[in-house]
Structures are given as C-alpha cells and as structure tokens.
Amino acid sequence: MSETAPSPAEGVKDFVRDVIREDLASGRVAEVVTRFPPEPNGYLHIGHAKSICLNFGIASEFGGRCHLRFDDTNPTKEEIEYIDAIQEDVRWLGFDWGEHLYFASDNFDKLYGYAVHLIEQDKAYVDDLSPDEIREYRGTLTKPGTESPSRNRTVSENLDLFARMKAGEFADGSHVLRAKIDMASGNMNMRDPVLYRILNATHPRTGDAWHIYPTYDFAHGQSDAIEGITHSVCTLEFEDHRPLYDWLIKNTPVPSTPHQYEFARLNLTYSVLSKRKLMQLVNEGHVEGWDDPRMPTISGYRRRGIPAAALRDFAQRIGVTKSDSTVEVELLNHCVRDHLNKAAERRLAVLKPLKVVIENYPEGQTEEIDAINNPEDETAGKRKVAFSRELYIEQDDFMEDPPKKFFRLGPGREVRFRYAYFITCREAIKDDDGNIIELRCTYDPETRGGNAPDGRKVKGTIHWVSAAHAIDAEINMYDHLFNRPDPGAEVDFLNDINAASKTVLTGCKLEPSLAQTKVGEAVQFERQGYFALDRTSRADHLVYNQTMALRDGWAKIQAKEKSGGK
RNA sequence: UGGGGCGUGGCCAAGUGGUUAAGGCGCCGGUUUUUGGUAUCGGUAUUCGGAGGUUCGAAUCCUCCCGCCCCAGCCA
C-alpha cells in the first residue's frame, strides 16, 4: 500500500459537490455516504481512478464515508482474482473504506424479498418469453413495445413461478422476472425491465446457493438503499436508468432513498479505456498482462513507477462534468513529472553506452565524487560516485560533426561531466565499419567538482558512469501503446497498436547504488527520465522500466530543424 | 415531435444577467541553471455551436436551428 491520500482537497468544485453542498445545507441529508461499485470482472483502470477519487474524495471532504461495494451479480463473468486486485488497487491509490466493504451478493436474500414484494403489489411478473421474443416484444427506439402474454398472470401464479425459479427448477433463459412498468415508454429501460434471470452458474461468493441472479438495475439501487448511500454517482450512460432507479426505490420497501447522479467517463488519448478492450489486449497477448506498464490500468501505472499521488492529482485536474471529453495524455505525463521531480532521487545511468578513456587520468586511480541526490529536496542529501580513467557516456552525447546548437561532446569540444571534471574530446576511434566505438579524451584536473578556477564556461553537462564500477541492467523503454490519439476510430483498435511501444535495452550501465532500489519506486536517471525497478528484477539480472521521459528540449530543437526550420 | 444528455481557445475547465471571459495542460518566446530537466517571466478566445429576440447590459434569460454522445443485454 502507498501513502494515504491527503484529506480535504481545497477548492475542489464541480456539479456533484455543488449538489452535495445544497443537500447538506437544505438538510435533505445529514451526512454524505458514497460508494465505489466495481464489478469484479477485470482490473481497474484510470477511468475508475477518476471515479474512486471522486467518491472517496467527496466522503473525506464532507466528513462522510465511502463504501467499496462489489457489484457481483453476474457469476458468469466475475472472479475472485479481480476482487483481490481491485482492493489492492484502491488501497494503493490511497483510499480506505474502513469497515465498509460490501458485496451486492450479501444482499441476495433481501433483494429476493423485494422482488417478492413487487410481485405481491402486482408490479412484477414472471415471463416465459425467450430472450429473442423479449427483444422483439420490446419494440424499437421509435416504435413502442408489445406487452408479453405473461404480463397478466395472477399474483399467486407469479409467486409460485418465481419460487420455482429460485429453487432451480428451470433452465437458463427459460424464465425471467420483469418489472411491470410501461411497454410504450420512450425510455427503453422502462419497458418492463428484467429484474432477475436464471443463471445456473457458480458464484465466486455464494457458490451454488442461487439459481437466479438480480440484474444490475435491481441490485444496484437497492444495495445503495440498504447501505444508506446518499449520493450514488455513476457515469453518463446510466442517465437513462435513473427513472428506473427511482421507480425501484419507490416501489420497494428499502430503508433509505438514495439519489443517482451521473458524470462523464474519462477518455484518454493514445489509450483505450474499456474493460472489454483491455481484456482483449491481455487475453490475446498484445501486452504482457493487466499490469503491463503500457496498460492504463492502476496496476500498470504502479508497475511503471507512477506514484499514486500523481494519479490523484490528475483526477483532480481533469475535473468532473457531464460533457464527453478526451483528456490529452500529456496532462497525465505532466502530473507524473511534477510529482517525481520533487520526490525522485537522482542517479547517473547510461542507457546506450559509449566508452570514454581519459588519457591523462592515472591508470588504476579512482576518486569518490559528491553527487546531489535531489536538487529539489535538500533533505535527500548527497552520495559518492566513483570516477576513473575509463567511463561510459551516452552515445547520443557525442557527434562527430555536430550542428550549431549541439552543446555536447564532439571532436575538440569541452563539456562538463556532471559533478566531475571538464573533459575535452581528442579523438573518436572507429571500428572497421566506421562505427564510433571509443572516445579518447583528456580532463582538466583544476575543474574537479565541475567548475573552472579561471572562470571558463562550458555549454553542456553530460552524465557518465565509471566503467569499472558500473552495474549492468536491462531497461524497458515505453512509448504509447497505440499509434494514434483515438485508437479504433477508423479501423479495429488492434490495428492501431504501436509495434514499437516497448523497446528492450540491454547492457545499460548504471551507477552501483541502482542495484538496490525499491520495486516500483521511480528514481530519476539524470537527463533521461524516471525509471523504476520491475517486479521481475533479480540481483543478477536487473530490470528497470521507464516510468516517464524527462521533457526533452533538444529533441524539440532537432524536430524543428528537421521539419520546416532553418 | 422515440427518450435522455452535452456544446466556452489545440485539450481539460471556471463562469449561474454588469469580470479586461479564471486556472491547468500544450504550444511560442525570454531569463536562470553543473540535468537542453526544474524554476521563472511574457504571449497564446474582441469572444462563449449558429441565427434571431429580451435587456441600459447576455457565455449566462427566451425562440428556432446545427452538431456530437448514450439507450432496443436475461452485461454493468
């Protein structure tokens, strides 16, 4: 578990909180009770994080509580694995439901009782139409439906049939319990919606105790009422269900009167955020699991090294409204960098090594140089890094024929090796194919620490690592999982998968302290980005995941020159 | 005339009849800098989907129109 989310976020304002303030002020409610109601049929993603932050955030801001309730009404799709993963993710995000962990399945007896009550009031009936027939009878968007022949069964007949459904006398799909509302309603949800269906399946929690299971519409609102939820916040697609939600609350002897409010679900560029699609990515092996660092899942972000605080900050910045919106992933990236810049310790690491020999540096000599752990946080202190005659620098930090604005190393150029010395390149050594394989350089002993006593300046500072002291690692570099901001907009989303979303770098050279960082906790590799040790990493085979690259001004300059620029 | 929603800069999003139309992200430019990072300064909507109307005054009220999203699972 990570740290707990800090309570009252000041000045958070949106239409849901407006409603709550009014309800509190008018006395409609005495306390605020919300809930986060996942169905355990997949892993949580960042869209859920938005909802979690909203529901738990509201509870803490208004001194109320937020329940974690599993909407486990469909045993054919739900699994214990998901129940466990979801709890871990919510906790990691920094939220605590205390004693208030619930399952819709805990209410199965009560729900059955409510159903019987509806039948007794002649507000529900058992229908024996087949699924296909029910669809036909339902009509279309523009044509009213037709009443089922079963609609006028007597109460006692319905009671008997429903009891037998419960007893397991019938096959899946043979009967269904429906609310008796209005087959001509413009709202399809009111055309005698199904309340119970027969499912001869084993439920993760109730096992084989039941043969009938309540539908979402019947279980959700009634569970809200049973738990005393005051504000049931869900996404826009349930707006049409609100009349049914209210109808069921009104016609059922529930202990409280919750109200439903709807907000827009999150869409993120370069991502898919639907459980069905995420499930497909996992099942078809397009990614390496639900927690693949490229996945927009909570567990994926965690594995990538993204801090929970960044996700919470993101959720707050995007706001809560009723308008469909697609947030640019750059905002998420900004939140991640913003948090990591302040929190992550700095280290020196070379991703694509190029050997450097300091010709005038004594062979066999090593010195310990002070390096600052985090310039944004003095309490992080300093550490020693070893400097010696043979080093590695980044291949990208040398150019044989550098353009004007290139501030790094080139033949005859002098740069600063971070925290160490001014280094001048004397010669680039190539192999038979013309590839540069080594740089011969000299250092200025007077510049130890990185400053010249004569006041001479240098344009660039580059990172390095001592060859003899460096440890090897494999590093996973990540890019968008999809090639376009709106995957699936033109063809199936799988065709938009970015084949280069993952690049494995081997033989990376890290400063020795990087042998033992905490799994999932990002550190900054100076000038490169943030990286976190992967859970599969072992002492003899280190594996780091790129969490997020640093903003790269040089890359921008290059892109500009290449495109239209001069 | 099926029902339900939504339209404020490239992306989010405040705004609820009188403000120079907040803020963030992004982008552009400057400064600082031992991370081309960070920080910092400045620029980035004469205009709120469109057209009418009400009003001394409208993004905010009215009318009509246009566009987009959701609903015909015994999924949630």
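Residue-level contact check: Pro37(A) touches neither bases nor backbone, having no heavy atom under 4.0 Å from any strand. Nucleic acid contact class of Arg346(A) (heavy atoms, under 4.0 Å, all strands): base. The residue Ile462(A) sits apart from the nucleic acid: no heavy atom pair falls under 4.0 Å. Residue Asp217(A) is classed as having no contact, given no heavy-atom separation below 4.0 Å to the nucleic acid. Backbone-only contact: Ser323(A) has heavy atoms under 4.0 Å from sugar-phosphate atoms and none from a base. When heavy atoms are screened at a 4.0 angstrom cut-off, Leu266(A) is found touching no nucleic acid atom at all. Ile557(A) comes within 4.0 angstrom of a base, heavy atoms only. Within the 4.0 angstrom heavy-atom criterion, only backbone atoms of the sugar-phosphate kind lie near Lys556(A); the bases stay farther away.
If you take atom P in rA76(B) and the same atom in rU38(B), they sit 46 Å apart, rounded to whole Å. Look at the C1' atom in both rA14(B) and rA72(B): the space between them is 38 Å, to the nearest Å.
Glu376(A) has its CD atom 10 Å from the P atom of rU40(B), to the nearest Å. The distance from atom NE2 of His334(A) to atom P of rC11(B) is 19 Å, rounded to the nearest whole Å.
Arg408(A) contributes a side-chain N or O that forms a donor-acceptor pair with the base of rG36(B) under 3.5 Å.
Using the Watson-Crick or G-U wobble rule with both distances under 3.5 Å, rU19(B) pairs with nothing in any strand shown. Nucleotide rU31(B) has rA39(B) as its partner under the Watson-Crick or G-U criteria, with both atom distances under 3.5 Å.
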Show the numbers, then the answer: is there a side-chain hydrogen bond (donor to acceptor under 3.5 Å, both in side chains) between Arg276(A) and Gln280(A)? CA-CA 6 Å; Arg276(A) 194 212 107 219; Gln280(A) 198 176 345; 3.3 Å; yes
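For Lys13(A), the listed nucleotide lying nearest its side chain is rG15(B); candidates were rG15(B), rG37(B), rA72(B).
Residue pairs meeting the salt bridge (Lys or Arg N to Asp or Glu O under 4.0 Å) criterion with at least one partner in residues 260-275 of chain A, sequence neighbours excluded, are Glu237(A)-Arg265(A), Arg242(A)-Glu262(A), Glu262(A)-Lys322(A).
Both geometric conditions, a ring-centre gap below 5.5 Å and a plane tilt below 30°, are fulfilled for Trp554(A) over the base of rG36(B).
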